[in-house]
Amino acid sequence: MINITLLFLGPARDLGASDQVRITLKDASSIAAFKLDLVKLFPKVERMITSLRFAVNEEFCDDAHVLRDGDVIALIPPVSGG
Amino acid sequence: MSEGDTFIQLFRGPIPEDAVKQFSLGSRHLGGVVTFAGIVRGESDPQHGDLLRLEYEAYESMALRQMHQLAATAIERWQAGRVAIVHQLGAVQPGEISVLIVVACPHRAEAFEACRWIIDTLKKDVPIWKKDVYADGHVAWVEPSPPGSHGERD
């Protein structure tokens, strides 16, 4: 089992139960597999899932990236800085 | 091993323009200094009235980390000697500077290119978001549109 921390940020904030959630996953999964769990846990994520990027420990990661114990995963909606 | 100084910060409150300017000047070897200031436009919406302010927020630790990476790339790729990237968070009124980028290079061509690349990449990748707050109380996250597209609003 691995424990991860999930951050809901900016426009994604109200997709979760709170800004920051700790989740236990059965085993190490890829971002692609994690997205399926995520939508089950937080159904509101589904409407944004295609536009979300995922950052693991403050770096953008693609679907193939495998999560590890202690990772901090941030949901990054399209950014609008500047 | 590249040499270059950086000034990377997120501010709650006005950007210290003078400090940024001081930082970017004063090297005898850096002959081209290019500044980009992003300023909040005073817009008006037919339904919601005047734009009162923008409200910025960020995934601060990641945003700073990425801003440092942008500066490192400018130093590496365009031989920048000084790179400042500062962004305001919280409420920013029309007419105020929301983002300020200054790049000092030995020659102007590199400074222009690097500055342009930094602002374009920041707007695409750095995790900062803004909300519009209108006169009638309407508040909405800004949906970014593709750069250069008609109706680009940020």
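Computed over heavy atoms, backbone and side chain alike; hydrogens, waters and symmetry mates excluded. Order of the sequence lines sets the chain letters (A, B, ...), proteins ahead of strands, with each chain counted from 1.
- More than 12 heavy atoms of other residues, nucleotides or ligands sit less than 6.0 Å from atom CZ of F7(B).
- Residues of residues 23-35 of chain A having a heavy atom under 4.5 Å from any heavy atom of chain B: none.
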For the pair I76(A) and M62(B), evaluate side-chain contact (heavy atoms from CB on, under 4.5 Å) and give the outcome as yes or no after the intermediate values. CA-CA 11 Å; I76(A) 312 280; M62(B) 180 174 170; 4.2 Å; yes
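- In plain terms, the two heavy atoms of L7(A) and Y59(B) that are nearest each other are CD1-OH, 3.5 Å.
- For residues 54-70 of chain A, a heavy-atom distance under 4.5 Å to chain B picks out A55(A), N57(A), E58(A), E59(A), F60(A), given by residue number.
- Annotation for V79(A) and L122(B): closest pair CG2-O, 4.5 Å, computed over non-hydrogen atoms.
- In terms of hydrophobic clustering, with Ile, Leu, Val, Met, Phe, Trp and Tyr side chains grouped at heavy-atom distances under 4.5 Å, L30(B) and L25(B) are assigned to different clusters.
- Side-chain N or O atoms of S80(A) include none that pairs as donor or acceptor with a backbone N or O of P144(B) at under 3.5 Å.
- Around the CZ atom of R77(B), the shell of radius 6.0 Å holds more than 12 heavy atoms that belong to other residues, nucleotides or ligands.
- E60(B) CD: more than 12 foreign heavy atoms inside a 6.0 Å radius.
- Proximity to chain A (any heavy atom under 4.5 Å) is restricted, for Q66(B), to the side chain, taken from C-beta onward.
- Residues passing the side-chain hydrogen bond (donor to acceptor under 3.5 Å, both in side chains) test with R53(A) are D125(B), sequence neighbours excluded.
- The environment of D18(B) atom CG is sparse: at most 12 non-hydrogen atoms of other residues, nucleotides or ligands sit within 6.0 angstrom.
- Heavy-atom proximity under 4.5 angstrom to chain A picks out S98(B), V99(B) from residues 95-105 of chain B.
- In this structure, Q93(B) places its CD atom where more than 12 heavy-atom neighbours from other residues, nucleotides or ligands lie under 6.0 Å away.
- Note on V20(B) and L89(B): separate hydrophobic clusters, where clusters join Ile, Leu, Val, Met, Phe, Trp and Tyr whose side-chain heavy atoms are under 4.5 Å apart, directly or indirectly.
- No continuous path of ILVMFWY side-chain contacts below 4.5 Å connects I39(B) to I118(B), so the two sit in separate hydrophobic clusters.
- Of the possible polar contacts, one joining the H87(B) side chain to the G82(A) backbone as a donor-acceptor pair under 3.5 Å is found.
- Hydrophobic clustering, with ILVMFWY side chains joined whenever heavy atoms are under 4.5 angstrom apart, groups I4(A) together with F8(A).
- Under a 3.5 Å cut-off, the side chain of W129(B) and the backbone N or O of P77(A) do form a donor-acceptor pair.
- At a threshold of 4.5 Å between side-chain heavy atoms, the hydrophobic network of Ile, Leu, Val, Met, Phe, Trp and Tyr places I75(B) and L70(B) in one connected group.
- Open room surrounds NE2 on H107(B); 12 or fewer heavy atoms of other groups in view lie less than 6.0 Å from it.
- Listed options P127(B), G38(B), A63(B), S61(B) were ranked by heavy-atom pairs under 4.5 angstrom with chain A; first place goes to S61(B).
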